[in-house]
4 protein chains.
Amino acid sequence: MAPLLRPLQPQSQPPKVRCIHPGILLPAKIDRPVSLLYHRSMAVAGKSKKDVIQEFRSTEILEAARHVFALRGYHAATIDQIATHAGVAKGTVYLYFDSKRDLFLASLREGVLALHAEVAAQLRSAPTPQAQLQAFINARFDYFARNRDFFKIYYTEFPQLATVTGQPELQDLYDQQAKLLESVLADGIRSGHLRSCPVPSTARLVYDLIRSALAQHILNEPADNPHPEATVFQFIWKGISQS
Amino acid sequence: MAPLLRPLQPQSQPPKVRCIHPGILLPAKIDRPVSLLYHRSMAVAGKSKKDVIQEFRSTEILEAARHVFALRGYHAATIDQIATHAGVAKGTVYLYFDSKRDLFLASLREGVLALHAEVAAQLRSAPTPQAQLQAFINARFDYFARNRDFFKIYYTEFPQLATVTGQPELQDLYDQQAKLLESVLADGIRSGHLRSCPVPSTARLVYDLIRSALAQHILNEPADNPHPEATVFQFIWKGISQS
Amino acid sequence: MAPLLRPLQPQSQPPKVRCIHPGILLPAKIDRPVSLLYHRSMAVAGKSKKDVIQEFRSTEILEAARHVFALRGYHAATIDQIATHAGVAKGTVYLYFDSKRDLFLASLREGVLALHAEVAAQLRSAPTPQAQLQAFINARFDYFARNRDFFKIYYTEFPQLATVTGQPELQDLYDQQAKLLESVLADGIRSGHLRSCPVPSTARLVYDLIRSALAQHILNEPADNPHPEATVFQFIWKGISQS
Amino acid sequence: MAPLLRPLQPQSQPPKVRCIHPGILLPAKIDRPVSLLYHRSMAVAGKSKKDVIQEFRSTEILEAARHVFALRGYHAATIDQIATHAGVAKGTVYLYFDSKRDLFLASLREGVLALHAEVAAQLRSAPTPQAQLQAFINARFDYFARNRDFFKIYYTEFPQLATVTGQPELQDLYDQQAKLLESVLADGIRSGHLRSCPVPSTARLVYDLIRSALAQHILNEPADNPHPEATVFQFIWKGISQS
DNA sequence: CATGAATGAGTGTTCATTCAT
DNA sequence: GATGAATGAACACTCATTCAT
């Protein structure tokens, strides 16, 4: 189980001068799964007032970006709209992010990391593969219900950018999430709860299935299915469980 | 079963002079399932040399568009690139398509229709729900293996445009395909081969699952899984079959 | 009086190969004022069937041009619209006119020449300066009432092109018409009916005044003045007559 | 008399951020006729440095626009030429004006308003209808002698745009000016100085007559008439005065 | 001669990014 | 640091003109 709980490694970014928001990346080699927010407050403890303001601005802009990107799509969104939404001037955005692309990636990254942290925390307290799969599904449904804007860009813009532009970082972000599932699957197969299968591709399949169910649930209001979590769990469980 | 076999029908477009390619096809009361290609060859029989040239140009441009859109993404692709790739001048593109968006939609549409036709044809010769599901999966894997560019835009641009821009036509294009599966599920449940389930959302789930498996297969070269069709079929079949 | 009756001299065009419509230019040195149409039929007498067809096409296109130019303005009008309106293909227009500009000028020219001919004919039968002024005004009101499209381009496009583009030919076309009035004024002053005044500028003034009155009459439907010809005559006559 | 003296009022535009120049002015109940320029200097008193710079840029661009529009005509003029002439980049033009059309209208509008203000001021100090007519003529000759570029677009582009394009604002701009004359005529007829006549159409006639005289004077250098103001005044006065 | 498909130069407009204040 | 005016590269789209058939 342990591997699950390892937080995502921060990409070893060459320390770019103007990147002031390293807080969104989780420190490596920490055994206790800690939420992103926890980390942050820790960090804040050692920060000057200036740093606090900076982080505040950065978060504000990130949120505005998420909202506007979700609303208009990456290309149609303009820096001006985001700045206005964040209550800052256009130039200010560039004090915190190198480019529009960078801002977009940061907003994706932050969302994915927070999601990852929550999911990992839930997984940790689940004793069996069945409970883990349920936890995985429920945590994601929970998180995205609270972060619909994020889901929209995660769902609609991610594949576009990840595939078309050779952005390995983006692919990593994606893969990291499937890795959590791979652990569940591998552990379950080892323990005999799950039937043998090609782990990576099955994990990806399960992952995408959950993603699709989320899309139906989050993006289309009129759901014919009041408990999509249960349905999707059933579906997956039939597909992977022993017996 | 019958409904499955109905091919998509071309919308009865008011015959716009410059629009050579038929729009999205809607089901209609035609018993003999005919492929789009069949239809076309029929039509060609009555065409003058001029018409042939026009269709040729149009196809040329459509193919170039598909390629460039797949390569750069919708927004990054320029009409100039497409024109150059098609071996025509920029203005020529506008003789055949009203706008960049129109060109994009046309390339999606044509691809989806051809896919739909092939899938429907395969479904028709499958006697049982199991065989139908296999046919559905195999036909799609076959088609996209032969049309990788198309898969790329289908996979990466579709959600973006369908969700962000309120393009009902696009959503229709998407839905039409899930309808084929709904028929399979509904028939299977009725005949007792499949267990009862909420048909539309399950169909969508299965559809998306296949789509995701395709993405793994088509977009990522190094597959750990030599027979993704089989894996995905197994997975789904466990999820929906009786017992 | 005699000078009045001299028709406009054709501009000594270098005989451009593709200019098939020289008929719209009046021959010089003809004492009897002849209408443009009369001239044409004369000319036609010596023409082959081909020539007749050509002239017919040319006239058709010219009329279509006048209509479309009047409707959309010079710049917004397209050759395609004109061709369609004339019932020919776009390329055909270029068989008869060198360029869009050429077509525009030709349509202006033809209209002005016909107008000139009619006005000159009326002037000829007017015995006194007063009658001549009345004839001048009435002939113009008559002509433009029958040729509203022409008036529109004459009024709205002429100044633009005549002033902005250094098109001497256009200026000539304009000046020729004021010359008719100059003759009336000069004769009237010589005979003592009119008070002395700077002839060219007064002629131009009177000319423009009539043009303005026409604009009110032709372009604005709701006229508060049922007899603009009378009003404008009175106005001018007070301005130029003796005592 | 009073109505004459009312200056045009700025339309109470919803304060669009980027619109610095007031729109067409409509008459209102202000007794002291104040010139637009006077108004401006007042305003400047309360302006920050930034505002001054903005107004400067705006004026600069407006002047460049006037010049280029006068030189090439509306359609042939390009934003690039105007920007270059104003010493700014193309994009900058769009910071101050929404579109080419907007820029053109603004330059027309500003010129017309300044003209209107000057004319109204002159009219105010003229005691009799005769003096008013003289003031009207002289003020216009003065103004346009100082603003030749403006006259060119006023004269050559106005009719084209006002007639062809259904731009009511443009027609208003035109009409506002004739209204000044209508007041003069109406007052004169009431006081018995002028003979009875249909006021609106006569005003328009007189207005157009002056406009034509100006065109001769401003656009054609070689004038045979050293004092066109006097000539045109005489001409009009004979046409409208009693006896 | 007539056609109309093909061309490609030309332009209004947008918007990410910079930088002087 | 924060601002927002200025920039100019980029791009969709138009349309007069040509020319092969």
Side-chain angles (χ1 to χ4, degrees), chain A residues 18 20 50 53-54 57 75-84 87-104, chain B residues 17-18 49-50 53-54 57-58 75-84 86-103, chain C residues 20 50 53-54 57 75-84 87-103, chain D residues 17-18 49-50 53-54 56-58 61 75-84 86-103:
Chain A
R18 284 159 68 196
I20 321 179
K50 204 170 75 179
I53 289 178
Q54 282 205 358
R57 272 274 201 284
H75 277 98
T78 70
I79 295 288
D80 236 348
Q81 289 163 354
I82 293 170
T84 301
V88 300
K90 197 167 23 166
T92 306
V93 174
Y94 283 87
L95 292 178
Y96 293 90
F97 302 93
D98 282 338
S99 66
K100 184 184 179 182
R101 166 167 217 87
D102 188 48
L103 175 54
F104 177 72
Chain B
V17 176
R18 286 159 60 196
K49 188 177 160 195
K50 202 173 68 184
I53 288 177
Q54 280 208 1
R57 269 278 196 283
S58 180
H75 278 99
T78 70
I79 295 288
D80 242 344
Q81 288 163 358
I82 293 170
T84 301
V88 299
K90 189 166 31 165
T92 306
V93 174
Y94 285 90
L95 291 178
Y96 293 89
F97 301 93
D98 284 335
S99 64
K100 185 185 179 183
R101 169 169 213 89
D102 189 48
L103 176 54
Chain C
I20 323 180
K50 203 171 76 181
I53 288 178
Q54 283 205 358
R57 273 276 201 283
H75 277 98
T78 69
I79 296 289
D80 237 349
Q81 288 162 354
I82 293 170
T84 302
V88 299
K90 199 167 20 167
T92 306
V93 174
Y94 283 87
L95 292 178
Y96 294 90
F97 302 92
D98 282 337
S99 65
K100 184 185 181 184
R101 170 169 214 90
D102 188 48
L103 176 54
Chain D
V17 176
R18 285 159 60 196
K49 190 176 158 194
K50 203 173 70 182
I53 287 177
Q54 281 208 359
F56 174 69
R57 270 279 195 285
S58 179
I61 293 171
H75 278 98
T78 70
I79 295 288
D80 240 347
Q81 288 163 357
I82 293 171
T84 301
V88 299
K90 192 163 34 162
T92 306
V93 173
Y94 284 89
L95 291 178
Y96 294 90
F97 302 92
D98 284 336
S99 65
K100 184 184 180 183
R101 169 169 214 89
D102 189 48
L103 176 53

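Excluded from the calculations below are hydrogen atoms, water molecules and symmetry mates; all remaining heavy atoms, backbone and side chain alike, are included. Convention: sequence-line order gives letters A, B, ...; per-chain numbering from 1.
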(request) Can you measure from OH (A:Tyr94) to CG (A:Asp102) and round to the nearest 0.5 angstrom? (result) 10.0 Å
(message) In whole Å, I'd like the distance from the CD atom of D:Gln54 to the P atom of F:dT3.
(response) 17 Å
(message) Looking at every heavy atom in both D:Val93 and D:Ile61, which two are closest together, and how far apart are they?
(response) CA-CD1, 4.1 Å
Between the protein and nucleotides 12-14 of chain F, which nitrogen or oxygen pairs are less than 3.5 angstrom apart?
residue, atom, partner, partner atom, Å
F:dA12, OP1, B:Ala77, O, 3.3
F:dA12, OP1, B:Lys100, NZ, 3.1
F:dA12, OP2, B:Ile79, N, 3.2
F:dC13, OP2, B:Tyr94, OH, 2.8
F:dC13, OP2, B:Lys100, N, 2.9
F:dC13, N4, B:Lys90, NZ, 2.2

(request) Enter the distance from B:Lys90:NZ to B:Asp80:CG here, rounded to the nearest 0.5 Å. (result) 4.5 Å
(message) Need to verify one output field. Residue with the more 5' nearest nucleotide on DNA chain E, C:Val93 or B:Thr92?
(response) C:Val93
(request) Return the value, rounded to whole Å, for the distance between atom OH of D:Tyr96 and atom C1' of F:dA6. (result) 8 Å
(message) I need the CG-P distance between D:Leu95 and E:dT13, as an integer number of Å.
(response) 14 Å
(message) For a quick test of reading the model, state the closest non-hydrogen atom pair linking A:Lys100 to A:His75 and the distance between them.
(response) NZ-O, 3.3 Å
(request) Measure from CZ on A:Phe97 to C1' on F:dA2 and round the result to the nearest Å. (result) 16 Å
(request) Whole angstrom is fine here: how far is it from CZ in A:Phe104 over to P in E:dA16? (result) 14 Å
(request) Provide, to the nearest angstrom, the distance between the CZ atom belonging to D:Arg57 and the C1' atom belonging to F:dA6. (result) 7 Å
(request) Would you kindly compare B:Ala89 and C:Val88 by the position of their nearest DNA chain E nucleotide and give the one closer to the 5′ end? (result) C:Val88
(request) Check DNA chain F for consecutive Watson-Crick or G-U pairs with both distances under 3.5 Å and list the runs of at least three as stems. (result) E:2-21 with F:2-21
(message) Rounding to an integer number of Å, can you tell me how far D:Ile61 CD1 sits from F:dA5 P?
(response) 12 Å
(message) Both C:Ala76 and D:Ile53 contact DNA chain F. Which one's nearest nucleotide lies toward the 5' end?
(response) D:Ile53
(request) Not counting sequence neighbours, which residues clear salt bridge (charged side-chain N to carboxylate O under 4.0 Å, His left out) with D:Arg57? List them please. (result) D:Glu60
(request) Can you measure from CG (A:Leu95) to OG1 (A:Thr92) and round to the nearest 0.5 angstrom? (result) 5.5 Å
(request) Answer yes or no: is there a side-chain heavy-atom contact under 4.5 Å between D:Phe97 and D:Ser58? (result) yes
(message) In whole Å, I'd like the distance from the CD1 atom of A:Ile82 to the P atom of F:dG4.
(response) 17 Å
